[in-house]
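Inspection log for the structure reproduced underneath, given as structure tokens.
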Amino acid sequence: MIYTVTLNPSLDYIVTVPDFATGATNRVQEEYVLPGGKGINVSLVLNKLGVENTAYGFRAGFVGEEIQRRLEALHCTVDFIELASGTSRINIKLKNYEGTEINGMGPKVSSGEWEQLLEKLDRLLAGDTLVLAGSIPVSLSNDIYREIMDMLAGKDIDVVVDASGAALAGALEAHPFLIKPNRDELGQIFGKRLTARNDILECAGKLQRRGARNVLVSLAGDGAVLLAEDGSVYESPAPKGELVNGVGAGDSMVAGFLAGWQKSRDFSYAFRMAVAAGSASAFSDHLAEADEIAGLMGEIEVAEKSGFFY
């Protein structure tokens with residue numbers, strides 16, 4: 001069974017605003033509202049691929065109620081903890097200005113509410129997979145993901161960490177099954193701008209030596225690379241297609257990898273499915289459908305190297 005955790009879910013207000021200008025009234029040309037959060041996106045894509053999973057997290061206020069209502073309408077199995085105070089986030093994303101967004105702060109999580117989540121996670125069984133994804137509420141420590149992994153140590157649970165900065169760095173020594181930084185996040189960890197493929201592989205290798213078992217790096221239009229725990233390195237360019245919406249593409253990669261791994265236990269196949277899922281979402285207005293992912297599988301070209309020198 002796969003479980004996802006989204007500590008700070010959101011309601012995403014995604015808009016197209018032609019000729020956006022500061023200090024002026026801007027009219028929306030197109031708008032839609034979706035439940036958001038990296039773990040939630042992973043759950044939604046897993047659902048589309050027919051992979052059973054449960055989404056854990058926190059919700060608060062009327063926004064939290066709407067997030068859960070929309071997820072249930074999408075047939076997502078949700079087990080959120082309702083917070084006593086505050087309101088879940090509303091994030092504004094400008095679709096036609098790629099990467100431009102305004103993200104809310106989110107509610108505070110009390111120590112008692114945090115313990116409720118830990119109790120749920122402590123009931124996971126051997127062979128389960130846990131996805132820890134996204135930002136951490138300001139009321140919680142950046143070491144929270146590491147705390148969860150330490151609690152689950154020795155239970156034969158594969159933990160995926162899709163985070164950035166201190167949250168990712170702190171989790172490495174607990175040996176996550178998979179991490180998925182993008183190129184910018186990888187560069188931020190090492191304080192450099194990464195462009196050359198060998199530099200990307202070298203930095204990914206350093207993260208692997210620091211504890212990550214498998215390192216999947218998304219490179220947007222340049223494809224992706226995977227450093228697998230068996231010593232193999234896989235590379236793939238992105239398939240041809242028009243970028244429509246980059247939101248959720250990285251989360252779709254995680255879902256595709258897990259779906260492919262669950263099906264095959266083969267790194268090459270899981271990597272191919274990860275690239276197909278991430279690309280299919282990038283080429284779509286919303287998160288990719290199963291048939292869109294399947295349609296790209298045959299276009300993904302994977303090159304394998306063994307014993308890379310990093």
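Worth knowing before you read on, the calculation uses all heavy atoms, side chains too, and leaves out hydrogens, waters and symmetry mates.
Classification of Lys305 and Glu235 as a salt-bridged pair holds, one side-chain N sitting under 4.0 Å from a carboxylate O. Under 4.0 Å is where a charged nitrogen must lie from a carboxylate oxygen, and between Glu65 and Arg69 no such pair does.
Here the straight-line distance linking atom CG of Leu186 with atom NZ of Lys206 works out to 10.0 Å at 0.5 Å rounding. Distance CG/Leu83 to OG/Ser110: 7.5 Å, rounded to 0.5 Å. Taking CG from Asn96 and OG1 from Thr16, the interatomic distance works out to 5.0 Å, rounded to the nearest 0.5 Å. Atoms CZ and CG, from Arg70 and Leu44 in turn, are 12.5 Å apart once rounded to the nearest 0.5 Å. With rounding to the nearest 0.5 Å, the separation of CE in Met273 from CD1 in Ile293 is 6.0 Å. We find the OH-CG distance between Tyr3 and Leu46 to be 13.0 Å, quoted to the nearest 0.5 Å.
Partners of Glu31 under the side chain to side chain donor-acceptor pair (under 3.5 Å) rule, at least two apart in sequence or in another chain, are Tyr13. Listed by chain and residue number, nothing satisfies the ring pair (Phe, Tyr, Trp, His ring centres under 6.0 Å) test with Phe283 (two or more places apart in sequence, or in another chain).
In this structure, Thr87 and Pro107 approach most closely via the heavy-atom pair O-CD, 3.4 Å. Closest of all the heavy-atom pairs between Asp12 and Gly36 is OD2-CA, 3.5 Å. The two residues Ser141 and Ile144 come nearest to each other via the heavy atoms O-CG1, 2.9 Å. The two residues Ala163 and Tyr145 have their closest heavy-atom pair at CB-CE1, 3.7 Å. Ala204 and Leu227 make their closest contact through C-CD2, 3.8 Å (heavy atoms, listed as atom of the first residue, atom of the second, distance).
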- Task: Starting from the C-alpha separation in whole Å, work towards a yes-or-no answer on side chain to side chain contact (heavy atoms under 4.5 Å, CB included) for Leu132 and Asp162.
- Result: CA-CA 6 Å; Leu132 305 173; Asp162 187 6; over 6 Å; no
- Query: Which is it for Ser10 and Asn91 under the side chain to side chain donor-acceptor pair (under 3.5 Å) test, yes or no, and what are the steps along the way?
  - Reply: CA-CA 6 Å; Ser10 63; Asn91 294 338; 3.2 Å; yes
- Message: I'd like to know whether Glu299 forms a side chain to side chain contact (heavy atoms under 4.5 Å, CB included) with Leu296, so could you lay out the CA-CA distance, the side-chain angles of the two residues, the decisive distance to 0.1 Å, and finally the verdict.
- Response: CA-CA 5 Å; Glu299 299 182 26; Leu296 285 179; 3.8 Å; yes
- Item | side chain to side chain contact (heavy atoms under 4.5 Å, CB included) assessment of Leu118 paired with Met151 | CA-CA 9 Å; Leu118 290 182; Met151 181 187 74; 4.2 Å; yes
- Message: Show, in sequence, the C-alpha distance, side-chain angles and deciding distance for Arg272 and Met297, and conclude whether the side chain to side chain contact (heavy atoms under 4.5 Å, CB included) test is met.
- Response: CA-CA 7 Å; Arg272 178 176 283 106; Met297 282 289 285; 3.9 Å; yes
- Message: Checking Glu119 against Arg123 for the salt bridge (Lys or Arg N to Asp or Glu O under 4.0 Å) test, could you report, in this order, the C-alpha distance in whole Å, the side-chain angles of both residues, the deciding distance, and whether it holds?
- Response: CA-CA 7 Å; Glu119 289 172 6; Arg123 294 195 287 269; 5.2 Å; no
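Using modelled atom types and a 3.5 Å distance limit, the side chains of Thr129 and Asp158 yield no donor-acceptor pair. Between the side chains of Glu147 and Trp114, at least one donor N or O lies within less than 3.5 Å of an accepting N or O. Defined by atom type and a distance below 3.5 Å, a donor-acceptor pair is missing between the side-chain atoms of Thr54 and Thr77. Checking Asn53 against Ser43 by side-chain atom types alone, a donor-acceptor pair falls below 3.5 Å.
Summarising the local packing, CG of Asp291 is surrounded by more than 12 heavy atoms from other residues, nucleotides or ligands at distances under 6.0 Å. Taking a 6.0 Å sphere around CD of Glu173, one finds it holds 12 or fewer heavy atoms contributed by other residues, nucleotides or ligands. Shown here is Met1, whose CE atom has more than 12 heavy atoms of other residues, nucleotides or ligands within 6.0 Å.
With a 4.5 Å cut-off between side-chain heavy atoms of Ile, Leu, Val, Met, Phe, Trp and Tyr, the cluster of Val244 takes in none.
Here the side chain of Glu113 pairs a donor or acceptor atom with the backbone of Ala84 at under 3.5 angstrom. Panel note: side chain Asn26, backbone Ala24; a donor-acceptor pair is recorded below 3.5 Å.
Taking the side chain as every heavy atom from C-beta outward, Gln68 and Val78 approach each other to under 4.5 Å. Between Phe267 and Tyr234 the shortest side-chain heavy-atom distance falls below 4.5 Å.
Here salt bridge (Lys or Arg N to Asp or Glu O under 4.0 Å) pairs that include residues 176-194, with residues two or more places apart or in two chains, are Arg183-Asp222. Sorted by first then second residue, the side chain to side chain donor-acceptor pair (under 3.5 Å) pairs that include residues 280-289, not counting sequence neighbours, are Lys48-Glu289, Lys95-Asp285, Ser252-Ser281.
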Report, one line per pair, each donor and acceptor closer than 3.5 Å where one atom sits in a side chain of residues 254-264; sequence neighbours left out.
{"unit_1": "Lys263", "atom_1": "NZ", "unit_2": "Tyr269", "atom_2": "OH", "d": "3.3"}
{"unit_1": "Ser264", "atom_1": "OG", "unit_2": "Gly260", "atom_2": "O", "d": "2.8"}
{"unit_1": "Ser264", "atom_1": "OG", "unit_2": "Asp266", "atom_2": "N", "d": "3.1"}

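Screening Val159, Val160, Ile157, Val131 for a side chain to side chain contact (heavy atoms under 4.5 Å, CB included) with Phe177, the sole residue that qualifies is Val160.
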